[in-house]
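Read the structure below first, then the notes.
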Amino acid sequence: MNSLALINEFLGQPPNASEHGYQIDHILEFAHWFMAALFVGWSAFFIFVLIRFRKSRHPKADHHGVRSAISTHLEFSCVLIEAVLLLGFAIPLWAKRVNEFPPTGDAILVHVVGQQFNWTFHMPGPDGQFGRREIGLVSNSNPLGIDPNDPSGKDDIVVLGELHVPVNRPVVIELSSKDVIHNFDLPHMRIAADAIPGSLIPMWFKPIKTGSYEVVCGQLCGLGHYGMKGMVVVDSPQDYQQWLKERAELAGQQSAPAATQRPPGEPPVGPTPGTVPPPGGPKQQAPAKPEQAPAQPAQSPSGE
Ligand SMILES: [Cu+2]
């Protein structure tokens with residue numbers, strides 16, 4: 001990392017752990033330095049103007065204003081630099097990210113489902129086939145509603161909160177949501193995308209460093225938004241195979257393909273009181289509505 005790149009670190013950016021991340025970091029680095037230069041430039045100009053046009057020296061307003069063309073040139077240069085950043089770097093990089101997905105044979109495919117307030121990861125298991133999902137089958141023990149009668153779902157791996165992936169292999173994520181709009185944000189991998197109910201959003205990254213990386217929700221999605229975190233663990237290929245084996249065994253042991261275990265201290269799966277239940281989700285027992293306002297204690301007839 002060169003010393004100019006320290007501005008990203010100074011502004012709180014975590015170290016990059018993905019293959020394409022350095023390209024994003026370069027754009028951010030340039031944009032940050034450009035903004036710093038503008039901030040210093042405009043601030044200095046503002047202070048200069050305050051002193052230069054103070055009331056004691058200019059008791060009368062000058063209605064002609066600036067006659068030199070220097071401000072026009074300066075503003076045009078700023079627009080030009082911004083246009084180059086956007087059209088020359090940001091948009092081509094974005095187009096590459098959304099148009100050039102890795103070949104499916106090489107990539108790990110994971111379904112990621114957001115809900116208030118956690119992330120569930122669904123992998124196809126040894127057979128490579130995802131089990132059928134049905135919203136009506138969603139329950140606390142089967143958070144994704146995997147059909148227990150579908151043979152391809154028997155070995156599926158469903159994990160809450162923590163996903164393992166191997167290093168140096170592309171990971172393709174298909175993102176969806178069970179309730180409101182969330183945002184699957186992996187800051188270390190320099191990727192983020194909205195999880196939108198009713199849509200399947202593809203995204204991908206290639207991890208280049210082993211370690212544990214935090215997943216956060218990047219959209220204000222309700223009362224528990226602050227705690228909607230997860231973890232992506234980038235393993236060596238051996239560790240990843242070991243994890244897959246353990247998970248597959250766990251999935252095989254259970255009759256229903258819901259290998260989900262809630263880490264201690266995590267809120268229970270399902271709608272949280274005070275939030276909107278997922279549309280089309282399992283019908284909740286509606287609390288019995290009082291017919292009327294709570295009956296007032298009968299007033300004793302006066303005189304008794
Ligand atoms: Cu969220």
Side-chain angles (χ1 to χ4, degrees), residues 11-14 16-18 21 24 94 97-98 108-123 130 133-146 156-165 171-205 207 211-234 258-284:
L11 292 169
Q13 206 180 2
N16 169 49
S18 74
I24 291 182
W94 170 79
R97 295 293 306 156
V98 296
I108 310 271
L109 181 60
V110 189
H111 287 173
V112 177
V113 182
Q115 74 170 77
Q116 290 168 324
F117 295 98
N118 51 47
W119 298 104
T120 309
F121 302 100
H122 182 195
M123 300 175 97
F130 283 97
R133 289 199 333 231
E134 171 72 52
I135 192 88
L137 297 171
V138 169
S139 66
N140 276 0
S141 60
N142 187 4
L144 298 182
I146 295 174
D156 280 16
I157 296 169
V158 177
V159 272
L160 187 74
E162 188 176 283
L163 172 72
H164 285 240
V165 292
V171 180
V172 175
I173 288 169
E174 285 184 347
L175 191 58
S176 58
S177 166
K178 273 157 74 176
D179 39 42
V180 300
I181 298 177
H182 301 278
N183 180 285
F184 187 72
D185 187 354
L186 261 169
H188 293 84
M189 301 298 167
R190 308 290 191 258
I191 55 161
D194 275 357
I196 302 168
S199 299
L200 213 56
I201 313 288
M203 64 198 290
W204 73 281
F205 66 100
S212 295
Y213 303 102
E214 194 174 48
V215 178
V216 292
C217 178
Q219 289 279 12
L220 188 55
C221 58
L223 292 175
H225 160 71
Y226 67 93
M228 190 166 167
K229 290 182 180 178
M231 200 60 91
V232 167
V233 180
V234 179
T260 301
Q261 272 151 6
R262 184 148 51 91
E266 282 277 327
V269 177
T272 308
T275 57
V276 185
K283 295 263 184 310
Q284 279 189 301

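As a basis for the values below, the full set of heavy atoms in this structure was taken, side chains included, without hydrogen atoms, waters or symmetry mates. Numbering of ligands and ligand atoms starts at 1, following listing order.
- A donor-acceptor pair under 3.5 Å links the side-chain atoms of Ser177 to the main chain of Asp179, judged by distance alone.
- Aromatic ring centroids of Phe121 and His111 lie 6.0 Å or more apart.
- For the Cu ion (ligand 1), the count of nearby protein N/O/S atoms, taking only those under 2.8 Å, is 4.
- For the pair Lys178 (side chain) and Pro143 (backbone), a donor-acceptor distance under 3.5 Å is present.
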Could you go through residues 158-165 and list every donor-acceptor pair under 3.5 Å that involves a side-chain atom there, pairing it with any protein atom two or more places apart or in another chain?
from	atom 1	to	atom 2	distance (Å)
Glu162	OE2	His164	NE2	2.8
His164	ND1	Asp235	OD2	2.6

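- Using modelled atom types, one side-chain atom of Asn16 and one backbone atom of Ser18 make a donor-acceptor pair closer than 3.5 Å.
- You'll find the ring centres of Phe117 and His225 outside the 6.0 Å limit.
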